[in-house]
Structure formats: structure tokens, C-alpha cells
Amino acid sequence: MPLVSGAEFLKAAREGGYGVGGFNTNNLEWTKSILAAAEAKKAPVLIQTSMGAAKYMGGYQVCYDIVKDLIDSMNITVPVALHLDHGDYEDALECIEVGYSSVMFDGSHLPFEENIEKAKDVVAKAHAKGVSVECEVGSIGGEEDGIIGSGELADIEECKQMVATGIDYLACGIGNIHGSYPENWAGLAFDHLQAIAKEVGDIPLVLHGGSGIPLDQIQKAISMGVSKINVNTEAQEVFAAATRKYIEAGKDLEGKGFDPRKLLAPGFTAITELVEQRIEWFGSTNKG
Ligand code: 13P
């Protein structure tokens with residue numbers, strides 16, 4: 001199956017009251033793990049690369065080729081979108097050219113007028129090629145690949161103006177942060193989410209920082225208009241924990257246990273299990 005844009009299946013998710021995972025990848029095996037989980041659950045999925053991860057993997061063309069070729073070689077039948085996560089203007093345009101089917105232009109750190117102007121331009125260029133666009137209003141807290149946000153709540157008037165640019169899904173701060181949540185985290189700001197959803201209509205909303213949010217809060221957010229949930233840190237954590245367990249048990253010292261195909265296998269199995277569980281949480285099983 002070819003890559004699909006995110007707009008159609010996220011619209012269906014918004015209407016159907018379920019969520020679709022946007023899972024960050026970091027390499028070939030990571031991508032395989034996510035695709036295997038989506039196929040096992042018959043769920044639509046977004047595979048996303050941050051700018052840093054794409055650089056690490058060898059560039060956007062490599063990321064595109066890996067995802068595209070794995071979809072073919074693994075006989076993936078569920079809808080898959082390849083998405084740029086937190087891209088700047090230049091990288092969003094590059095990904096549109098390379099063949100990504102969905103891009104996030106994150107201008108949340110720019111003056112608002114500039115964010116809007118660049119969003120309009122990205123939308124025009126993306127839509128001309130059938131690529132969907134996510135933009136952000138009100139930065140998401142935490143740190144991701146050097147992008148640091150202060151975790152403010154998105155301004156509702158700004159959300160409306162951003163949606164009017166023609167974007168396909170909107171990332172808006174509602175007390176969520178990237179990475180682990182601190183002990184004293186107040187939880188998602190549901191009143192604010194409700195106020196945003198009321199003003200912006202049916203556009204799918206995006207919840208960044210999906211790692212570490214309790215199941216009940218995730219499901220409540222989905223019921224209020226969140227359709228895309230981004231997960232990165234949790235996959236990194238389960239990968240590291242499983243790899244640590246393998247090495248601490250001395251398995252790399254037994255026979256050919258040092259072979260990366262063996263050494264890394266538990267970590268990638270852990271990612272597949274996590275992604276399958278999150279798909280269940282989000283309610284997108286059998287929606288592919
Ligand atoms: P986490 O790393 O907290 O899961 O957030 C991922 C994310 O929002 C990617 O944009």
C-alpha cells in the first residue's frame with residue numbers, strides 16, 4: 001500500500017471518537033517495530049521523524065526510502081503516513097519534495113504573524129502535492145532535540161487563526177509536555193481543551209508529549225477532540241530497559257549473543273509491544 005496523507009484517517013478518527021498514534025522512529029528496526037505493531041492491530045499509524053532523527057538516519061530521503069520499502073517488503077496493508085515532527089520551514093518544504101505524506105511546520109517559537117504566514121505557505125505547497133499539514137500554537141513544554149517549550153496553554157484566538165490557514169490538524173498546548181512528566185504535574189487542562197475544541201470546529205487536535213499521560217486522561221482528551229497522540233520517549237525507555245536487561249543478564253557474552261540481530265532484538269520487541277498497547281489505548285485497533 002502506498003503512503004497516505006494523515007488528513008483522511010485523522011478526520012475519520014475525529015468523527016469516530018478514537019485516536020491514532022504518531023510514533024517517532026530512530027532507525028530501520030524501530031520503523032519495522034512500529035509497522036509490525038500497526039499491522040498486527042490493523043490500525044492506521046503515523047511514523048514520524050524529528051529533524052534530529054532524520055539527520056541521524058542519513059537524511060529525509062533515507063527515511064522516506066526506509067518507510068516506503070518496508071511497507072512493501074513487510075506487506076503492510078494498513079494506512080501509513082510518513083510525518084515530519086516539529087519541522088522548521090525549510091525542512092517542511094524539503095520533506096514535501098522528498099515524498100513525506102504529512103509535515104508539521106512548527107513555528108510556535110516565531111512571532112505569531114510569521115508563524116501564520118509561513119503556515120499558509122507550507123499549506124499551499126503541501127496541499128498541491130496531497131501532503132497534510134500540522135501546525136502548532138502555544139509551545140509544548142519540555143525538551144525534544146533541542147527544541148524547548150515553556151508549556152503554555154495555547155491562546156484560543158491564535159488557534160482559530162491558525163486553523164483558518166487551512167491546516168489539517170492542530171497541535172495546541174493544553175498542559176502537556178515532552179519527555180517524562182514531573183511528580184507535581186497538574187495533568188491535562190481539560191477546560192482549556194474544551195474551550196479550544198468549541199472554537200475550532202471539527203479539526204483533529206494533536207496531543208504532543210503522549211508518554212507518561214495516564215490512560216484515563218488520554219481517553220478523556222480523545223473524547224474531547226484529540227485525534228493524534230505523539231509518542232516518543234516511552235518507546236526509547238522500553239528499548240533501553242530491554243537492552244539493559246539483556247546485557248546485564250550477560251547474554252551478549254553467551255555464544256553469538258553479541259550479534260546485533262540478537263542483542264537489539266529484545267528492545268525492538270519491547271517497542272512493538274508498547275505500540276500495540278498504545279494503539280489499544282487510543283482505540284484505533286481495526287480502524288485500518
Ligand atoms: P514524548 O517524547 O513525550 O512521547 O512526546 C513525543 C512528541 O510529542 C513528539 O512530537
Over all heavy atoms of both residues, which pair between Tyr181 and Gly175 is shortest? Give the atoms and the distance, please.
CE2-O, 4.4 Å
In terms of ring plane angle, is the pair Trp30 and Phe239 parallel, tilted or perpendicular, where the classes change at 30° and 60°?
tilted
Pair Glu117 + Lys120, salt bridge at N-O below 4.0 Å
yes
For Gly267, does its backbone N or O pair with a side-chain atom of Tyr246 as donor and acceptor, under 3.5 Å?
no
Using the side chain to side chain contact (heavy atoms under 4.5 Å, CB included) rule, pick out the option among Glu157, Glu158, Gln161 that qualifies with Val137.
Glu158
Contact between Glu94 and Tyr100 at the side-chain level, heavy atoms closer than 4.5 Å - yes or no?
no
Would you mind reporting whether Ser211 and Glu237 have side-chain heavy atoms less than 4.5 Å apart?
no
Where do Ile156 and Ala195 come nearest, in terms of heavy atoms and distance?
CD1-CB, 3.5 Å
Contact between Ile213 and Trp185 at the side-chain level, heavy atoms closer than 4.5 Å - yes or no?
yes
Derivation of the side chain to side chain contact (heavy atoms under 4.5 Å, CB included) call for Cys135 and Thr165
CA-CA 10 Å; Cys135 284; Thr165 64; 5.7 Å; no
Cation-pi between Lys287 and Tyr18: NZ/CZ under 6.0 Å from ring centre and within 45° of the ring axis?
yes
Give a yes or no on whether the backbone of Val20 and the side-chain of Ser284 come within a donor-acceptor separation of less than 3.5 Å.
no
With rounding to the nearest 0.5 angstrom, report the CG to CD1 distance, Leu70 to Ile76.
8.0 Å
How long is the straight-line distance from CD of Glu136 back to CG of Leu110, given to the nearest 0.5 Å?
11.0 Å
Closest non-hydrogen atoms of Glu276 and Ala40, given as atom of the first, atom of the second and distance, are OE2-CB, 3.6 Å
Angle class for the Tyr169/His83 ring planes (parallel below 30°, perpendicular above 60°, tilted otherwise)?
tilted
Would you confirm whether Ser101, through its side chain, and Leu82, through its main-chain N or O, come within 3.5 Å as a donor-acceptor pair?
yes
Ionic contact status for Lys125 with Asp121, cut-off 4.0 Å
yes
For the atom pair CD (Gln61) and CD1 (Ile66), what is the distance rounded to the nearest 0.5 Å?
11.0 Å
Nearest heavy-atom pair of Ala119 and Phe105: which atoms, and what distance?
N-CE2, 3.6 Å
With side chains defined as the heavy atoms from C-beta onward, is the minimum distance between Glu39 and Val78 less than 4.5 Å?
yes
Does NZ or CZ of Lys118 lie under 6.0 Å from the centre of the six-membered ring of Tyr89, at an angle within 45° of the ring axis?
yes
Give the minimum heavy-atom separation between Gly99 and Leu3, together with the two atoms involved.
O-CD1, 3.9 Å
Verify the cluster assignment for Phe258 and Ile247: are they in a single hydrophobic cluster under the rule of side-chain heavy atoms below 4.5 Å apart?
no
Can you confirm whether Ile71 sits close enough to Leu35 that some side-chain heavy atom of one is under 4.5 Å from a side-chain heavy atom of the other?
yes
Side chains of Ser33 and Leu274: does their closest heavy-atom pair fall under 4.5 Å?
no
ILVMFWY cluster, Leu215 and Val275 together (side-chain gap under 4.5 Å):
yes
Using modelled atom types only, decide if a donor and an acceptor are shared between the side chain of Ser227 and the backbone of Ala13 within a distance under 3.5 Å.
no
With rounding to the nearest 0.5 Å, note down the distance linking CG in Asp85 to OG1 in Thr49.
7.5 Å
Linked, directly or transitively: Phe23 and Val238 (ILVMFWY side chains, under 4.5 Å):
yes
side-chain hydrogen bond (donor to acceptor under 3.5 Å, both in side chains) partner of Asp259, the single match among Lys256, Lys262, Arg261:
Arg261
Separation between NE2 of His208 and SG of Cys172, rounded to the nearest 0.5 Å:
9.0 Å
Please check if the side chain of Gln217 supplies one atom and the backbone of Leu188 the other of a donor-acceptor pair under 3.5 Å.
yes
Return the NE2 to CD1 distance between His127 and Ile167, rounded to the nearest 0.5 Å.
9.0 Å
Testing the basics here: between Ser102 and Gly6, what is the closest heavy-atom pair and its distance to 0.1 Å?
CB-N, 4.4 Å
Any heavy-atom pair between the side chains of Met51 and Leu84 that's under 4.5 Å?
yes
Ignoring hydrogens and geometry, is there a side-chain-to-backbone donor-acceptor pair from Asp168 to Val133 under 3.5 Å?
yes
Could you check Phe190 against Lys220 for side chain to side chain contact (heavy atoms under 4.5 Å, CB included), going step by step and ending with a plain yes or no?
CA-CA 8 Å; Phe190 289 109; Lys220 187 168 174 183; 3.7 Å; yes
Min side-chain heavy-atom separation Gln48-Glu134 under 4.5 Å
no
